Amino acid sequence: MEALTTTRLFVPALPTLWPGMLLGRGEPSGFMPFSAPNVRWFYFARNAVWLTVKMLGLDKGEVLMPAYHHGVEVEAVADAGATPRFYRVGSRWDVDVEDVERRIGPNTKALYLTHYAGFPGPAEEMRRIADKHGLPLIEDCALSLLSADGSVPLGTTGDIGIFCLYKTLPLPHGGALVVNGPRQYSLPEPPTPPITSTLSHTVSALLQNLELRGGRFGRGLRGFIRSLGKGAVKAADIQRVATGTQHFDRRHVDLGMSPFARRIAQAQDLEAIVERRRRNYFFLLGRLRDVSPPLFNQLPAGVSPLFYPLVVEDKAEVLARLHARGIEAIDFWRHMHPACDASAFPEVMQLRRSIVEIPCHQDLSPEVMAEVALVVRGALTQDRRTRKHAG
């Protein structure tokens with residue numbers, strides 16, 4: 001690999017927390033899940049997945065899930081007592097609805113649809129298949145908060161909608177379970193998480209904002225405060241419940257969402273967030289499509305993109321170059337859950353080898369996005385030159 005240069009650019013993978021957001025008082029939002037009449041709030045979206053299996057009586061049955069998955073949702077389904085089975089997803093994140101229907105068997109108890117990175121899956125078609133076979137439909141919107149399919153909010157077509165909040169909003173944690181339709185379930189109110197864990201995540205998000213806004217000074221101050229904080233956390237034996245982890249942990253299944261995190265969520269200007277994410281996505285689409293064929297040539301109405309899915313040939317090489325230049329790009333869903341037979345889904349395996357998350361969230365200005373586009377273009381062209389010389 002060629003020598004990697006560094007720069008003062010800092011582009012965090014997730015939006016950061018502004019100090020003013022801690023005091024903001026927002027009006028109730030018209031976006032899901034905040035507008036839902038029947039909603040329960042959790043620390044993790046995976047907690048809502050686990051509870052859904054129990055609530056719908058799916059344990060000891062089979063849940064038909066997409067072969068293109070993170071893995072933690074599969075773990076939650078299995079831990080709750082159900083057996084995950086898998087259906088085909090194509091090279092453009094397109095669900096093969098005919099394969100879904102073919103795979104429904106006598107033990108199938110529910111259909112599970114994931115909306116990827118804000119882009120809607122075929123909810124209406126899955127609803128039709130679910131109704132035809134008398135099955136509930138679970139919509140996983142963990143990557144698609146604030147998104148809609150045209151005018152239809154994601155998470156409202158299925159019997160259950162599941163959301164993750166902290167991937168899109170600058171929150172210390174947060175997930176939600178929405179029950180659609182007239183049927184009522186007796187759902188317990190989850191207990192609030194440890195305040196020390198909430199504060200620890202909040203401070204981390206504030207420090208990221210300091211580095212994002214403060215340049216070299218902010219970077220140095222953040223590093224100094226983090227070094228002090230690690231020592232204090234260790235000395236005080238603070239139990240920090242980490243978010244963004246790869247595996248389901250039964251110990252945290254009952255954790256709810258703190259009122260503090262919900263207050264920050266309601267203080268957000270959600271319409272402005274969607275507008276900025278769409279602007280940033282369009283910016284990258286226009287400047288990268290000639291060096292990397294886009295997964296989607298358009299951004300459909302209603303979509304709030306979680307990130308820009310960059311198609312690459314050498315993930316490790318490109319990620320190393322982006323990280324060295326200050327862009328927190330993410331290796332998107334490289335690993336398949338062991339319950340899923342990788343050889344049966346070649347398109348999914350190709351997706352796992354080729355998709356990198358490029359941040360396009362609401363914190364990033366047009367000026368920063370211009371730098372991001374330049375760095376990404378450089379990483380892609382440099383990677384191609386490296387492979388050409390190696391070949």
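Values in this document were obtained by computation on a predicted structure and should not be read as measured data. For the single chain, residues carry numbers from 1 onward in sequence order.
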Original post:
Is Arg278 close enough and on-axis enough to Tyr281, meaning under 6.0 Å and within 45°, for cation-pi?
Top reply: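 Judged by the rule (NZ or CZ under 6.0 Å from the ring centre, within 45° of its axis), Arg278 is not positioned above Tyr281.
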**OP:** Tell me whether the guanidinium CZ or amine NZ of Arg279 lies under 6.0 angstrom from the six-membered ring centre of Phe283 and within 45° of its axis.
**Re:**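 Checked: cation-pi criterion not met.
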Original post:
Between Arg128 and Asp131, is a salt bridge (charged side-chain N to carboxylate O under 4.0 Å, His left out) present by the stated rule, with each step listed?
Top reply: CA-CA 5 Å; Arg128 176 186 59 78; Asp131 290 344; over 6 Å; no
Return the orientation label for the [X] and [Y] ring planes: parallel under 30°, perpendicular over 60°, tilted otherwise.
X: Phe307; Y: Trp93; result: perpendicular
X: Tyr43; Y: His173; result: parallel
X: Tyr116; Y: Trp333; result: perpendicular

Original post:
Taking 4.0 angstrom as the limit, do Arg88 and Glu347 come out as a salt bridge?
Top reply: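 Judged by the 4.0 Å cut-off on N to carboxylate O distance, Arg88 and Glu347 do form a salt bridge.
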Original post:
Charged N to carboxylate O below 4.0 Å: is that the case for Arg377 and Asp290?
Top reply: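 Between Asp290 and Arg377 there is a salt bridge, with a charged N closer than 4.0 Å to a carboxylate O.
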Original post:
Hey, is NE2 on His323 packed in by over 12 heavy atoms from elsewhere, all under 6.0 Å?
Top reply: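 Yes, the 6.0 Å shell around NE2 holds more than 12 heavy atoms from other groups.
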Is the closest side-chain donor-acceptor distance between [X] and [Y] under 3.5 Å?
X: His247; Y: Glu75; result: yes
X: Gln350; Y: Arg353; result: yes
X: Tyr87; Y: Asp96; result: no
X: Glu101; Y: His133; result: yes

To the nearest 0.5 Å, what is the distance between [atom1] on [X] and [atom2] on [Y]?
X: Cys360; Y: Leu306; atom1: SG; atom2: CG; answer: 7.5 Å
X: Leu113; Y: Asp140; atom1: CG; atom2: CG; answer: 8.5 Å
X: Ile273; Y: Ser304; atom1: CD1; atom2: OG; answer: 8.0 Å

Original post:
Does Asp363 reach the main-chain N or O of Thr16 with its side chain, forming a donor-acceptor pair under 3.5 Å?
Top reply: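 Side chain of Asp363 to backbone of Thr16: a pair is present.
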Subject >> Exam field: side chain Arg85 to backbone Glu62, donor-acceptor pair closer than 3.5 Å >> reply: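 Checking the backbone N and O of Glu62 against the side chain of Arg85, no donor-acceptor pair under 3.5 Å is found.
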Subject >> Minimum heavy-atom distance Leu165-Pro33, with the two atoms named >> reply: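 Heavy-atom minimum between the residues: CD1-CG, 4.5 Å.
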Original post:
Any side-chain heavy atom of Arg352 sitting closer than 4.5 Å to one from Tyr68?
Top reply: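 In short, these two side chains touch, coming nearer than 4.5 Å.
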**OP:** Test side chain to side chain contact (heavy atoms under 4.5 Å, CB included) on Leu58 and Ile138 and set out the steps.
**Re:** CA-CA 12 Å; Leu58 309 179; Ile138 302 166; 4.0 Å; yes
**OP:** Could you check Tyr185 against Met55 for side chain to side chain contact (heavy atoms under 4.5 Å, CB included), going step by step and ending with a plain yes or no?
**Re:** CA-CA 8 Å; Tyr185 295 90; Met55 181 179 71; 3.4 Å; yes
